[in-house]
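We use all heavy atoms of the structure for the numbers below, so side chains are in, but hydrogens, waters and symmetry mates are not. First listed ligand is number 1; within each ligand, the first listed atom is number 1.
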Amino acid sequence: MKNKSALITGVTGQDGAYLAKHLLDKGYSVFGVHARRSTDTLWRLRYLGIEDQVTLLSSDLTDLSSLVRCMETSQAQEVYNLGAQSFVGSSWDQPILTSNVTGTGVVNMLEAVRMVNKDARFYQASTSEMFGLIQEPMQSESTPFYPRSPYGVAKLFGHWMTVNYRESFGMHASSGILFNHESPLRGIEFVTRKVTDAVARIKLGKQKELRLGNIDAKRDWGFAGDYVDAMWLMLQQDVADDYVIATGVTTTVRDMCRIAFSHVGLNYEDYVVIDPKFYRPAEVDVLLGNPAKAQKQLGWKASTSLEQLILMMVDADMARVARE
Ligand code: NAP
Ligand code: G4F
């Protein structure tokens, strides 16, 4: 029997790389949208040893015709739309680019699917940032949204477009409302990886302090390797739907720092300096997800604790910084 074929936008990102590995391990042919850059964006695929197993197609989420060609070339039965300008902080500096890529990019991808193969199953990378100024202490699929950044607003547009294409055209389009998930492949601009990289540099004598913004913010952090399985499970269901994917535990940035520094025998209070430069114009103070529906309907549950995750990231950064 012919392998199933999947197309991933954002294949060079954290989740794209883990998802590509997950699908390759299941026997899929994996195609990835590769937005060309002047810098090396393939390091994550290399890290997982799959650079040569993913077919990269030159395209961009803002370029509908190139997405149509990706659908034609890949003959994908499953499409995972993970591409985005995903850094919340930058979205105030680049609100229009964020809207075009993270918002309109979703409808471009949905249109490409509708035009080439309406029966392909579609996954949209929605986010807990859509809850923003939270309307309920624990957020589920029925919690009202209140985004707090241009990124959150753009994602909400993409989320509702996905729901709308499902309801208007009968497409198998699902939206995963994922809470923060991290790994050694996390971009260095996000707070967990900024911290674990700094811990390694400080421990190895290459950095003196770590400058952070609001360390009282709370997040529901899980491991990206666990979360890509939830994406795949959503597309294996008979009926498309939306699911919150989270651990159900929330922790402050401060406590995350405590865990990371203490793993190498240091006290975070000796190194962390608060720098208002990293405060955001509007903050999401706390996020806490209720993953009950995913557990019941998908049989999915987070299997990595925050402590295990942070130790994994610190160890990976210690090894990397030592090699530098
Ligand atoms: P990431 O590491 O920042 O990856 C983003 C990906 O999008 C990269 O491959 C990037 O390509 C690509 N991209 C950027 N602009 C593009 C464009 N114009 N056209 C095509 N591709 C473009 O993000 P991630 O953490 O893996 O997250 C994956 C998705 O899940 C994102 O949509 C994110 O918003 C969403 N999400 C993430 C989390 C989380 O905690 N990680 C939680 C909820 C939702 P380059 O490598 O070439 O820049
Ligand atoms: O790590 P962060 O930048 O992640 P944030 O803003 O929660 O967004 C991430 O998760 C979303 C899911 O909820 C995704 F949709 C999104 O794509 C991205 O993956 O910041 C986490 C918290 C914030 O409250 C921020 O203000 O950490 C706080 N923080 C404090 N100091 C900092 C810093 N964040 C960053 N990036 N850098 C700091 O120095």
Side-chain angles (χ1 to χ4, degrees), residues 8-19 32-45 56 58-63 66-67 70 80-91 97-98 100-102 104-106 108-109 123-132 139 147-149 151-152 154-155 158-159 175-183 185-195 198 210-224 227-228 231 245-246 252-254 256-257 272-280 282-287 289:
I8 305 175
T9 73
V11 75
T12 53
Q14 169 187 259
D15 293 7
Y18 279 113
L19 178 65
V33 165
H34 187 214
R36 297 230 171 264
R37 309 271 189 254
S38 57
T39 52
D40 172 28
T41 55
L42 300 180
W43 64 274
R44 292 183 174 96
L45 298 179
L56 296 173
S58 178
S59 178
D60 193 288
L61 278 167
T62 59
D63 183 351
S66 72
L67 296 173
C70 286
Y80 296 86
N81 186 38
L82 311 184
Q85 189 304 93
S86 77
F87 185 44
V88 173
S90 292
S91 74
L97 178 131
T98 303
N100 287 341
V101 177
T102 307
T104 309
V106 181
N108 283 339
M109 195 64 245
Y123 172 85
Q124 169 56 18
S126 287
T127 167
S128 49
E129 270 290 304
M130 301 187 309
F131 295 120
Q139 299 87 54
R148 292 272 279 172
S149 62
Y151 167 82
K155 278 285 180 184
H159 175 74
S175 182
I177 306 175
L178 270 55
F179 284 60
N180 299 52
H181 46 278
E182 322 289 311
S183 74
L185 300 187
R186 187 57 144 151
I188 203 94
E189 64 273 36
F190 300 94
V191 77
T192 52
R193 184 73 206 297
K194 182 174 171 180
V195 170
L210 168 61
R211 303 185 86 81
L212 293 175
N214 175 17
I215 62 171
D216 293 316
K218 295 174 98 174
R219 289 292 183 274
D220 179 330
W221 278 296
F223 171 46
Y227 284 39
V228 296
M231 300 175 188
I245 302 297
T252 58
V253 174
R254 181 191 299 280
M256 185 269 294
C257 289
V272 170
V273 176
I274 301 303
D275 186 340
K277 185 172 91 184
F278 296 106
Y279 289 159
R280 293 175 175 180
E283 178 62 288
V284 172
D285 293 319
V286 55
L287 290 171

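- At least one side-chain heavy atom of Met130 sits less than 4.5 Å from a side-chain heavy atom of Ile177.
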Using the rule given for salt bridge (Lys or Arg N to Asp or Glu O under 4.0 Å), can you reason through Asp285 versus Lys218, listing the C-alpha separation, both sets of side-chain angles and the distance that settles it, and then say yes or no? CA-CA 6 Å; Asp285 293 319; Lys218 295 174 98 174; over 6 Å; no

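- Scored by the side chain to side chain donor-acceptor pair (under 3.5 Å) test, Gln124 finds Asn81 as partners (sequence neighbours excluded).
- When each of Val191, Val195, Thr192 is paired with Cys257, the side chain to side chain contact (heavy atoms under 4.5 Å, CB included) condition holds for Val195 and for no other.
- Remark: the backbone N or O of Val284 is not paired with any side-chain donor or acceptor of Arg148 at under 3.5 angstrom.
- Taking the six-membered ring where the residue is Trp, Phe87 and Phe190 present perpendicular rings, their angle passing 60° and hence far from 30°.
- Checked by atom type, the side-chain pair Gln85/Ser90 shows no donor-acceptor distance below 3.5 Å.
- For Ser59, the side chain to side chain donor-acceptor pair (under 3.5 Å) partners two or more places apart in sequence, or in a different chain, are Ser66.
- His159 and Ser175 share a donor-acceptor pair across their side chains, judged by distance under 3.5 Å alone.
- Closer than 4.0 angstrom to ligand 1 lie heavy atoms from Gly10, Thr12, Gly13, Gln14, Asp15, Ala35, Arg37, Thr41, Asp60, Leu61, Leu82, Gly83, Ala84, Ser86, Val101, Ala125, Ser126, Thr127, Tyr151, Lys155, Leu178, Phe179, Asn180, His181, Arg186.
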For a distance cut-off of 3.5 Å, show me each N or O of ligand 2 paired with any protein N or O, plus the separation.
from: ligand 2; atom 1: 1 (O); to: Val191; atom 2: N; distance (Å): 2.8
from: ligand 2; atom 1: 3 (O); to: Arg280; atom 2: NH2; distance (Å): 2.9
from: ligand 2; atom 1: 6 (O); to: Arg280; atom 2: NH1; distance (Å): 2.6
from: ligand 2; atom 1: 7 (O); to: Asn180; atom 2: ND2; distance (Å): 2.8
from: ligand 2; atom 1: 7 (O); to: Arg219; atom 2: NE; distance (Å): 2.8
from: ligand 2; atom 1: 10 (O); to: Asn180; atom 2: ND2; distance (Å): 3.0
from: ligand 2; atom 1: 13 (O); to: Ser128; atom 2: OG; distance (Å): 2.6
from: ligand 2; atom 1: 13 (O); to: Asn180; atom 2: OD1; distance (Å): 2.8
from: ligand 2; atom 1: 17 (O); to: Ser86; atom 2: O; distance (Å): 2.7
from: ligand 2; atom 1: 17 (O); to: Tyr151; atom 2: OH; distance (Å): 2.7
from: ligand 2; atom 1: 19 (O); to: Arg186; atom 2: NH1; distance (Å): 3.2
from: ligand 2; atom 1: 19 (O); to: Arg186; atom 2: NH2; distance (Å): 2.9
from: ligand 2; atom 1: 24 (O); to: Arg219; atom 2: NH2; distance (Å): 3.0
from: ligand 2; atom 1: 24 (O); to: Glu283; atom 2: OE1; distance (Å): 3.0
from: ligand 2; atom 1: 24 (O); to: Glu283; atom 2: OE2; distance (Å): 3.0
from: ligand 2; atom 1: 26 (O); to: Glu283; atom 2: OE2; distance (Å): 2.6
from: ligand 2; atom 1: 31 (N); to: Gly213; atom 2: N; distance (Å): 2.8
from: ligand 2; atom 1: 36 (N); to: Glu189; atom 2: O; distance (Å): 2.9
from: ligand 2; atom 1: 39 (O); to: Lys194; atom 2: NZ; distance (Å): 2.7

